[in-house]
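The figures here come from the full heavy-atom set of this structure, side chains too, leaving out hydrogens, waters and symmetry mates.
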Amino acid sequence: MCDFVQELNYEIVEENYVKDLQELLIELGAEPLSLNELPNALFTLECSIYRSFRDRHVLIHVVVEFDKDLLHKITLRLEPEDIEDQTNYEIDLKLFYHEEIKGRLFDAVNKKKSKYTLRNYKLIYNSSPIYGRYRINGNNTILFHTLNIIPKDEPLTEHIVCFDVEVEERNFERARSLANNIATEFCNFLLSALSARSWSWLLSWRKSKLRLP
């Protein structure tokens with residue numbers, strides 16, 4: 001068993017940083033993930049991560065300590081899976097922190113978000129395509145239109161709809177995932193509107209995203 005403790009004192013400048021810290025640990029393979037409240041307005045995120053060092057399986061316990069203003073420190077404790085394993089993993093644990101955690105941890109609380117516009121393609125089945133181009137302004141701007149319109153008056157005709165979704169995120173991968181989720185959600189509302197033959201569904205969706213009275 002060996003420990004690695006790093007004092008951080010990173011100033012937290014971004015909102016939703018707890019969610020970002022959770023996502024960071026989940027991306028590293030954390031299981032399970034727990035959020036705990038401590039005295040003096042402190043919190044910890046704790047999890048365990050499985051890794052293989054030197055062809056041996058190990059378990060790394062991670063504890064991130066923070067409050068609303070500062071990311072205070074991170075503690076890593078490594079336990080070999082084999083209780084008879086006497087290997088010194090101190091260097092491996094330090095490398096794990098510097099290569100897989102350090103930069104991403106700093107970005108989670110400090111990196112500014114950038115604006116991305118990403119295109120998603122979704123299939124819908126309807127007797128007729130969506131004619132024209134439409135723009136929905138909400139928390140995220142969405143532009144959509146049907147690709148390669150082929151007029152057919154048949155039920156369950158397949159149509160490809162393009163959704164250009166504007167999002168703000170810290171990197172491209174997260175922006176792509178968010179845009180896909182938004183496009184999928186909006187497409188479901190769109191299908192409901194088409195099946196009900198009522199565009200008031202779009203107004204309802206727009207109001208919910210704009211939080212209008």
Side-chain angles (χ1 to χ4, degrees), residues 1-114 116 118 120 139-140 165 167-185 188:
M1 179 185 297
C2 62
D3 293 342
F4 174 81
V5 180
Q6 180 68 50
E7 296 290 339
L8 302 170
N9 295 320
Y10 292 165
E11 183 180 359
I12 295 171
V13 298
E14 289 295 315
E15 297 180 358
N16 300 321
Y17 62 92
V18 175
K19 178 184 176 183
D20 292 331
L21 290 173
Q22 290 173 323
E23 290 181 355
L24 181 157
L25 294 172
I26 290 171
E27 289 171 1
L28 290 172
E31 54 177 61
L33 185 63
S34 63
L35 175 63
N36 306 297
E37 185 173 0
L38 304 178
N40 302 320
L42 289 175
F43 298 87
T44 62
L45 268 175
E46 302 182 26
C47 66
S48 296
I49 300 171
Y50 288 94
R51 282 294 184 272
S52 180
F53 294 155
R54 309 187 199 185
D55 296 324
R56 295 175 181 270
H57 297 298
V58 299
L59 182 63
I60 302 173
H61 302 285
V62 181
V63 179
V64 181
E65 186 176 308
F66 61 94
D67 58 26
K68 67 181 181 66
D69 299 312
L70 288 176
L71 196 60
H72 290 282
K73 68 177 180 180
I74 182 171
T75 301
L76 307 178
R77 169 165 291 181
L78 184 150
E79 294 182 2
E81 191 174 76
D82 184 352
I83 59 175
E84 296 182 358
D85 184 359
Q86 299 299 315
T87 305
N88 185 345
Y89 291 106
E90 184 176 342
I91 300 299
D92 303 86
L93 194 56
K94 288 182 180 179
L95 285 173
F96 170 74
Y97 168 74
H98 286 285
E99 292 179 354
E100 298 197 45
I101 296 181
K102 183 179 179 179
R104 299 163 76 178
L105 198 61
F106 182 80
D107 286 349
V109 296
N110 285 278
K111 187 175 181 181
K112 297 293 185 180
K113 293 183 178 180
S114 299
Y116 298 86
L118 296 105
N120 285 261
N139 287 351
N140 303 93
V165 184
V167 298
E168 290 189 358
E169 263 301 352
R170 292 186 176 87
N171 59 57
F172 177 77
E173 291 300 323
R174 293 181 60 168
R176 182 172 61 179
S177 176
L178 177 59
N180 180 65
N181 291 339
I182 292 171
T184 299
E185 179 187 1
N188 291 335

Trainee: I'd like to check V58 versus E79 (side-chain heavy atoms, cut-off strictly below 4.5 Å). Are they in contact?
Mentor: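 Of all side-chain heavy-atom pairs linking E79 with V58, none is under 4.5 Å.
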Trainee: Measuring from L25:CG to E31:CD, what's the distance to the nearest 0.5 Å?
Mentor: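 Separation between the atoms: 12.5 Å.
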Trainee: For R51, I'd like to know if atom CZ has over 12 heavy atoms of other residues, nucleotides or ligands within 6.0 Å.
Mentor: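 Yes, the 6.0 Å shell around CZ holds more than 12 heavy atoms from other groups.
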Trainee: For L33 and C47, which heavy atoms make the closest approach, and how far apart are they?
Mentor: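 Looking at all heavy atoms of both residues, the closest pair is CD1-CB, 3.7 Å.
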Trainee: Looking at every heavy atom in both Y116 and E169, which two are closest together, and how far apart are they?
Mentor: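 Heavy-atom minimum between the residues: CE1-O, 3.6 Å.
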Trainee: Kindly give the heavy-atom pair with the smallest separation between L8 and L71, and that separation in Å.
Mentor: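 Heavy atoms of L8 and L71 come nearest at CB-O, 3.3 Å.
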Trainee: Between N40 (side chain) and L42 (backbone), is there a donor-acceptor pair under 3.5 Å?
Mentor: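 It does not hold such a pair.
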Trainee: Can you measure from OG1 (T75) to NE2 (H61) and round to the nearest 0.5 angstrom?
Mentor: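 Those atoms lie 12.5 Å apart.
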Trainee: Assess the residue pair E81 and R56 against the criterion (side chain to side chain contact (heavy atoms under 4.5 Å, CB included)); give the C-alpha distance rounded to whole Å, side-chain angles, the decisive distance to 0.1 Å, and a yes or no.
Mentor: CA-CA 8 Å; E81 191 174 76; R56 295 175 181 270; over 6 Å; no
Trainee: Taking atom CD1 of I83 as the centre, report whether more than 12 heavy atoms of other residues, nucleotides or ligands fall under 6.0 Å from it.
Mentor: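 Count not over threshold, so no.
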Trainee: Using side-chain heavy atoms (C-beta onward) and a distance below 4.5 Å, is D92 in contact with T87?
Mentor: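 Counting from C-beta outward, D92 and T87 never come under 4.5 Å.
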Trainee: Starting at CG of N180, measure out to CG of L118 and round the result to the nearest 0.5 Å.
Mentor: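 If we round to the nearest 0.5 Å, N180:CG and L118:CG are 10.0 Å apart.
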Trainee: For the atom pair CD (E185) and CG (N140), what is the distance rounded to the nearest 0.5 Å?
Mentor: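 Here the interatomic distance stands at 9.5 Å.
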Trainee: Checking L78 against F96 for the side chain to side chain contact (heavy atoms under 4.5 Å, CB included) test, could you report, in this order, the C-alpha distance in whole Å, the side-chain angles of both residues, the deciding distance, and whether it holds?
Mentor: CA-CA 11 Å; L78 184 150; F96 170 74; over 6 Å; no
Trainee: Hey, could you give me the CD/NZ distance between E7 and K73, rounded to the nearest 0.5 Å?
Mentor: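 Result: 5.5 Å between the selected atoms.
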Trainee: Could you check whether atom NE2 of H98 has more than 12 heavy atoms from other residues, nucleotides or ligands sitting under 6.0 Å from it?
Mentor: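 Counting neighbours around NE2 of H98, more than 12 heavy atoms of other residues, nucleotides or ligands fall under 6.0 Å, so yes.
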Trainee: Write down the atom of V165, the atom of A183, and the distance for their closest heavy-atom approach.
Mentor: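 Closest heavy-atom pair between V165 and A183: CG2-CB, 4.2 Å.
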Trainee: Minimum heavy-atom separation for F66 and T44, please, with both atom names.
Mentor: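 Scanning both residues completely, I find the closest heavy atoms to be CE2-C, 4.2 Å.
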Trainee: Can you name the closest pair of heavy atoms from A41 and D67 and give their distance?
Mentor: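 Heavy atoms only, the tightest pair is O-CB, 3.3 Å.
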Trainee: Would you compute the distance between atom CD of Q6 and atom NZ of K94 and round it to the nearest 0.5 angstrom?
Mentor: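 The NZ atom of K94 is 9.5 Å from CD of Q6, to the nearest 0.5 Å.
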